[in-house]
Amino acid sequence: MGDDPFKSKEDRLGIFIRKLLSHSRLSTDDQQAIASLPFSLRRLEPNEYILREGDLAKVCPVLLSGFAYRQKTSADGGRQIVALKIPGDALDFQSLYVDIADHNLQALTPVELAVFAQKDFEALVAPRPNIARAIIVDILIEGSISREWLLNIGRRNALGRLAHLLCELYYRVQQIALEEVGAFEFPLTQEQLADLLGLTPVHINRTIKILEKEGAVKRVSRRLTIGDVDTLRRIADFSDVYLHRTLDSLV
Amino acid sequence: MPRYYFHVCDGTQEIDEQGHELADDLAARREAVHYCCGLLGDDPDLLLADENLRINVTAEDGHLRFAIVLNAISVDWQPGTRAENQRLTDTQR
């Protein structure tokens, strides 16, 4: 996805602009303004920190390839993964509006980031209300996803809970990909799924086995892929309204 | 780290073939208790259907290291009539 060394820097931002266009209208001029912002490329290994709780953010990183997660930790060391970010996602729009990072942000897989200076982003947004609106919409959709996760963890049983998460991830990745991602491999280990869904790893393993038996997922060694998305959707009782996947158009 | 296997027995047997690496026996016991709570929180019928739920934790050598055994006792039980008892004995034969 972002690994082609012959891609120009502007081309690399294509996935980010596609992400914004999936929920907001931006003129060609707005899109060009984003594409011509200066940024540096940064590569990180799994679990490397992008942002730490308490940090004062000066940059605005965007995920070009790979997956990242937000996590918070309780005093006794329990870790809760509170958000998953996929290629194309901006990782810290929040810090454009509030100063201090309230959570940790880490690479889940090897990632490639486009790192913008916050002040460049602020200067970009000031005269361009459509981009400012797109940023707010992006933040609101993350809030909507958080609410769905709260319902998921608080009220769905393990089977529905896991199925719902996998369904969401599949639809989010499919939305941003240019081709069919049927064989998309879920990037989370059983331990990470446990920390995200509030279950034990043993329970996650049992639940994967049930989904596998139903044909909803396939497992090759430790890698998990989609089996039948309709079955997964039925088990999860999934509706994508909360993802607000409304637009795919230009003005 | 040693690998532990968590098998669920509630009338049928669910054998854990993958297992999980945990620091020691104590960590495996705690995991078993959390697992049991998770299963019952999800589906109380797992215990109620057969009035029995058991989680057997084995080590890599296949030997039992720990087990959780839960029983639910129904107050509906009462001694049957002589004829009913005879019928039960006959069907068990």
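Residue numbering restarts at 1 for every chain, and letters A, B, ... go by the order of the sequence lines.
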Before accepting this row, confirm whether a basic side-chain N of the pair A/R156/A/E148 lies closer than 4.0 Å to the acidic partner's carboxylate O. yes
Contacting region of B/D16 [heavy-atom separation from chain A under 4.5 Å]: both
Given heavy-atom pairs under 4.5 angstrom as the criterion, report whether the side chain, backbone, both or neither of B/H34 touches chain A. both
Donor on one side chain, acceptor on other, B/Y5 and B/N56, under 3.5 Å: no
Bottom line for B/E17: the part with an atom under 4.5 Å from chain A's heavy atoms is backbone
Which residue in the set B/H7, B/R65, B/H63, B/R3 passes side chain to side chain donor-acceptor pair (under 3.5 Å) when paired with B/T58? B/H7
Cut-off 3.5 Å, side chains only: do A/Q94 and A/D102 have a donor facing an acceptor? yes
Approximate separation, where rounding is to 0.5 Å, of A/L113 CG and A/L44 CG: 5.0 Å
If one checks every heavy atom of B/I15 against chain A at 4.5 Å, the contacting part turns out to be backbone
Name the member of B/G38, B/G19, B/C37, B/G41 that forms the most heavy-atom pairs with chain A at distances under 4.5 Å. B/G38
